[in-house]
Amino acid sequence: MNFPRLKTGAVGQYPAKKSLEYRTEVLRFVDGSEQRYRQARRPAKRWLLSLRNIDEQEACAVRELFQLVQGGYGSFSFEDPWDGTRYEECSLGSDELELELEAEGRFRARVQIVENGV
């Protein structure tokens with residue numbers, strides 16, 4: 001399953017955000033000292049896409065993906081809008097879909113995507 005493309009062929013619109021996230025576990029001991037270690041070998045990527053002025057068909061494609069992957073539970077592949085790299089294991093960063101009607105036949109969506117299995 002792939003993240004849907006817009007009619008323009010783009011994955012998202014600007015402004016969009018991309019960030020890196022290190023997953024670090026902190027163990028605190030009784031004497032107050034700490035031990036830290038990484039839970040992953042490399043940072044996870046996270047994207048925040050703001051889709052504005054999309055039509056009903058594009059909004060339905062986003063909603064369908066959300067329903068098929070059951071919010072943040074399932075996975076899909078996603079193409080990074082900045083460099084075109086394809087990430088095969090991604091999921092939605094929320095169990096809620098922000099999809100609003102802006103005007104007649106025009107929608108706005110906000111989608112967070114997280115790289116899995118890092």
Side-chain angles (χ1 to χ4, degrees):
M1 185 176 331
N2 299 317
F3 187 81
R5 291 187 171 272
L6 301 174
K7 287 184 176 179
T8 61
V11 175
Q13 301 169 333
Y14 294 102
K17 293 181 182 180
K18 178 180 177 180
S19 61
L20 296 175
E21 177 182 283
Y22 285 98
R23 297 180 185 149
T24 305
E25 181 75 28
V26 179
L27 297 173
R28 290 185 178 86
F29 300 101
V30 177
D31 66 358
S33 63
E34 296 179 345
Q35 182 179 7
R36 297 170 183 261
Y37 64 92
R38 288 221 173 102
Q39 293 180 324
R41 64 184 183 277
R42 61 184 173 88
K45 292 172 181 63
R46 187 177 290 265
W47 299 267
L48 180 61
L49 303 178
S50 296
L51 306 172
R52 295 183 164 271
N53 204 23
I54 59 176
D55 66 19
E56 189 171 353
Q57 183 180 1
E58 293 165 320
C60 285
V62 171
R63 185 183 308 118
E64 183 179 336
L65 173 79
F66 178 80
Q67 291 171 342
L68 288 171
V69 297
Q70 301 172 31
Y73 179 73
S75 65
F76 54 90
S77 62
F78 177 72
E79 186 178 314
D80 187 325
W82 278 269
D83 62 13
T85 303
R86 184 175 196 74
Y87 295 91
E88 295 299 328
E89 283 292 319
C90 294
S91 63
L92 296 173
S94 175
D95 284 330
E96 286 185 43
L97 177 61
E98 293 181 45
L99 183 63
E100 299 176 26
L101 180 65
E102 283 188 315
E104 188 175 332
R106 305 316 270 166
F107 294 83
R108 171 178 52 205
R110 196 170 152 100
V111 182
Q112 187 176 68
I113 300 166
V114 180
E115 180 186 17
N116 299 329
V118 190

Requested in this report: Kindly work out whether a path of hydrophobic side-chain contacts (I/L/V/M/F/W/Y, heavy atoms less than 4.5 Å apart) joins Y37 to V26.
Outcome: no

Query raised in the report: Below 4.5 Å, heavy atoms only, C-beta onward: do F3 and W47 meet side chain to side chain?
Result: no

Query - Heavy-atom pair of closest approach, residues V11 and R5 - result: CG2-NH1, 3.6 Å

**Report entry** Closest heavy-atom pair and its distance - S75, E89
**Finding:** OG-OE1, 3.4 Å

Report summary line: D80 and W82 have their tightest heavy-atom pair at OD1-N, 2.7 Å

Query raised in the report: Residues in side chain to side chain donor-acceptor pair (under 3.5 Å) with E34, at least two apart?
Result: R28, R36

Query raised in the report: Are S91 and N116 close enough that a side-chain donor and a side-chain acceptor fall under 3.5 Å?
Result: yes

**Report entry** Between CD on residue E64 and CE on residue M1, distance to nearest 0.5 Å
**Finding:** 8.5 Å

Query raised in the report: Does F29 CZ have over 12 foreign heavy atoms under 6.0 Å away?
Result: yes

**Report entry** Neighbour count >12 (heavy atoms, 6.0 Å) for atom NZ, K17
**Finding:** no

Query raised in the report: Can you hop from V62 to L48 via hydrophobic side chains spaced under 4.5 Å?
Result: no

Query - Shortest non-hydrogen contact from D31 toward S33 - result: OD1-OG, 2.7 Å

Query raised in the report: Does L68 belong to the same Ile/Leu/Val/Met/Phe/Trp/Tyr cluster as Y73, with side-chain heavy atoms less than 4.5 Å apart forming each link?
Result: no

Query raised in the report: Just wondering, do F66 and V111 contact through their side chains at under 4.5 Å, heavy atoms?
Result: no

Taking only distance into account, with no hydrogens and no angle test, what donor-acceptor pairs under 3.5 Å do side-chain atoms of residues 49-57 form with protein atoms, sequence neighbours excluded?
unit_1 : atom_1 : unit_2 : atom_2 : d
R52    : NH1    : E102   : OE2    : 3.3
N53    : OD1    : R106   : NE     : 3.0
D55    : OD1    : Q57    : N      : 3.2
D55    : OD1    : E58    : N      : 2.9
D55    : OD2    : K7     : NZ     : 2.5
Q57    : OE1    : K7     : NZ     : 3.3

Requested in this report: Check whether any side-chain heavy atom of N2 sits under 4.5 Å from a side-chain heavy atom of R86, and report yes or no.
Outcome: yes

Query raised in the report: In Å, rounded to the nearest 0.5 Å, how long is the span from NZ of K18 to CZ of R46?
Result: 14.0 Å

Report summary line: Tightest non-hydrogen contact, residues Y87 and C90, listed as CB-SG, 3.6 Å

Query raised in the report: Hey, are the side chains of T85 and K45 touching, using non-hydrogen atoms and a 4.5 Å cut-off?
Result: no

Report summary line: Between I113 and F78 the two heavy atoms that sit nearest each other are CD1-CE1, 3.3 Å

Query raised in the report: Rounded to the nearest 0.5 Å, what separation is found between the CZ atom of R110 and the CG atom of L99?
Result: 13.5 Å

Query raised in the report: According to a 4.5 Å side-chain heavy-atom criterion applied to Ile, Leu, Val, Met, Phe, Trp and Tyr, with indirect links allowed, do V69 and V114 form part of one hydrophobic cluster?
Result: no

